[in-house]
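Remarks on the structure that follows.
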Amino acid sequence: MRRTTLALYCLMALGPIVLARAEEPDPSRLTLERIITRDDFRTEGFGPSRWLKDGSGYTTLEPAEGGQGRDIVRYDSATGRRDVLVAASKLRPEGVEKPLSIDDYAWSEDGRSL
């Protein structure tokens, strides 16, 4: 009888702890798991970007419409105007469905060649 009573007290004392661990974590709490292992705080990538020699703006890589490849896009530093300089669709070799992958790029000294 003493063992049964002791077991019952242990279950009553430890039961809420076991049940609390089985529940989903509170999404309003900041935890290491959320920061490190999940995508809750992942940011969108940017770049690589290159300032134009004349300082009028910069170019960067952005995902193309449709999600295949990346466009080379120019932003005007004064107005923020966005222009697609090289569309990913133009980087598709004949007979290939997906555009070439761009890891990095550089402008020539005169800014006319890529």
Quiz item: When rounded to the nearest 0.5 angstrom, what distance separates CG in Asp71 from CG in Leu61?
Solution: 9.0 Å

Quiz item: Taking all atoms of both residues into account, what is the closest heavy-atom pair of Ala64 and Ala88, and its distance?
Solution: CB-CB, 3.7 Å

Quiz prompt | Non-neighbouring partners of Leu30 that pass side chain to side chain contact (heavy atoms under 4.5 Å, CB included), sequence neighbours left out | solution = Ile35, Phe41

Quiz item: Who are the side chain to side chain donor-acceptor pair (under 3.5 Å) partners of Asp104, not counting sequence neighbours?
Solution: Arg50

Quiz prompt | Leu85-Trp51 co-clustered via ILVMFWY side chain contacts under 4.5 Å | solution = no

Quiz item: Quick one: side chain to side chain donor-acceptor pair (under 3.5 Å) partners of Lys90, sequence neighbours excluded?
Solution: none

Quiz item: Within a radius of less than 6.0 Å around CD of Gln68, do more than 12 heavy atoms belonging to other residues, nucleotides or ligands occur?
Solution: yes

Self-check item: Arg82: salt bridge (Lys or Arg N to Asp or Glu O under 4.0 Å) partners, not counting sequence neighbours
Solution: Glu62

Quiz item: salt bridge (Lys or Arg N to Asp or Glu O under 4.0 Å) with Arg74: which residues, sequence neighbours excluded?
Solution: Asp76

Quiz item: In chain order, what residues pass the side chain to side chain donor-acceptor pair (under 3.5 Å) check against Arg112, with sequence neighbours excluded?
Solution: none

Quiz prompt | Which residues share a side chain to side chain contact (heavy atoms under 4.5 Å, CB included) with Ser113, sequence neighbours left out | solution = Ser108

Practice problem: Scan residues 59-84 for pairs that pass ring-ring contact (aromatic ring centres under 6.0 Å, His included), counting only residues two or more places apart or in two chains. | Solution: Tyr58-Tyr75

Self-check item: Partner set under salt bridge (Lys or Arg N to Asp or Glu O under 4.0 Å) for Arg29, not counting sequence neighbours
Solution: none

Quiz item: For the residue pair Lys98 and Pro93, what are the closest heavy atoms and their distance?
Solution: O-CD, 4.4 Å

Quiz item: CD of Glu109 to NZ of Lys53: how many Å apart, nearest 0.5 Å?
Solution: 4.5 Å

Quiz item: salt bridge (Lys or Arg N to Asp or Glu O under 4.0 Å) with Glu97: which residues, sequence neighbours excluded?
Solution: none

Quiz item: Taking only residues two or more places apart in sequence, or in another chain, which ones meet Asp103 in a side chain to side chain contact (heavy atoms under 4.5 Å, CB included)?
Solution: Ser101

Quiz item: Who passes side chain to side chain donor-acceptor pair (under 3.5 Å) against Trp107, sequence neighbours left out?
Solution: Thr59

Exercise. Could you check if a side-chain atom of Asp83 sits within less than 4.5 angstrom of a side-chain atom of Val73, using non-hydrogen atoms only?
Key: no

Quiz prompt | hydrophobic_cluster_shared for Val84 and Ile102, side chain cutoff 4.5 Å | solution = no

